[in-house]
Amino acid sequence: MTATLGQGSIVRCSKCDDLQKPFLGKVLEHLAHHVIVQIINFDPIDRYMVDVLDGQVTLKTEQVRPLRMIKINPRSERTSRG
């Protein structure tokens with residue numbers, strides 16, 4: 001899984017010590033067993049902590065899963081995976 005956690009990857013993150021709910025993030029840096037994630041979508045209950053953390057959090061690699069992006073072609077009903 002570590003190969004798919006490159007810089008710029010969009011990931012789904014499980015809740016951590018600082019945040020109460022799962023959130024979406026963008027990988028800023030991948031370290032040995034941790035990743036630094038910019039928080040891009042979060043539950044409103046965590047808005048104060050996201051502000052306190054300046055929108056970034058460090059997580060263990062096991063706490064993040066890469067998202068698969070699906071590109072939809074608006075001209076046809078077919079989808080292509082990107």
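Keep in mind that the numbers below use all heavy atoms, side chains included, and drop hydrogens, waters and symmetry copies.
Counting all heavy atoms, side chain and backbone alike, Phe23 lies closest to Asn41 at CB-O, 3.2 Å. For the pair Leu59 and Val37, the tightest heavy-atom approach, listed with the atom from each and the gap, is CD1-CG2, 4.3 Å.
Side-chain heavy atoms closer than 4.5 Å link hydrophobic residues (I, L, V, M, F, W, Y) into clusters, and following such links, even through other members, never connects Ile10 to Ile36. No continuous path of ILVMFWY side-chain contacts below 4.5 Å connects Val64 to Leu31, so the two sit in separate hydrophobic clusters.
Using a 4.5 Å heavy-atom cutoff, the side chains of Arg47 and Phe42 are in contact.
For the atom pair CD1 of Ile39 and NZ of Lys26, the computed distance is 14.5 Å after rounding to the nearest 0.5 Å. Going from atom CD of Gln56 over to atom CD of Glu29 covers 10.0 Å, rounded to the nearest 0.5 Å.
Side-chain atoms of Thr61 come within 3.5 Å of backbone N or O of His33 as a donor-acceptor pair.
Atom CD of Gln38 sits in a crowded spot, with more than 12 heavy atoms from other residues, nucleotides or ligands closer than 6.0 Å.
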Hey, can you pull the donor-acceptor pairs under 3.5 Å for the side chains in residues 11-19, sequence neighbours left out?
residue, atom, partner, partner atom, Å
Ser14, OG, Gln63, O, 3.4

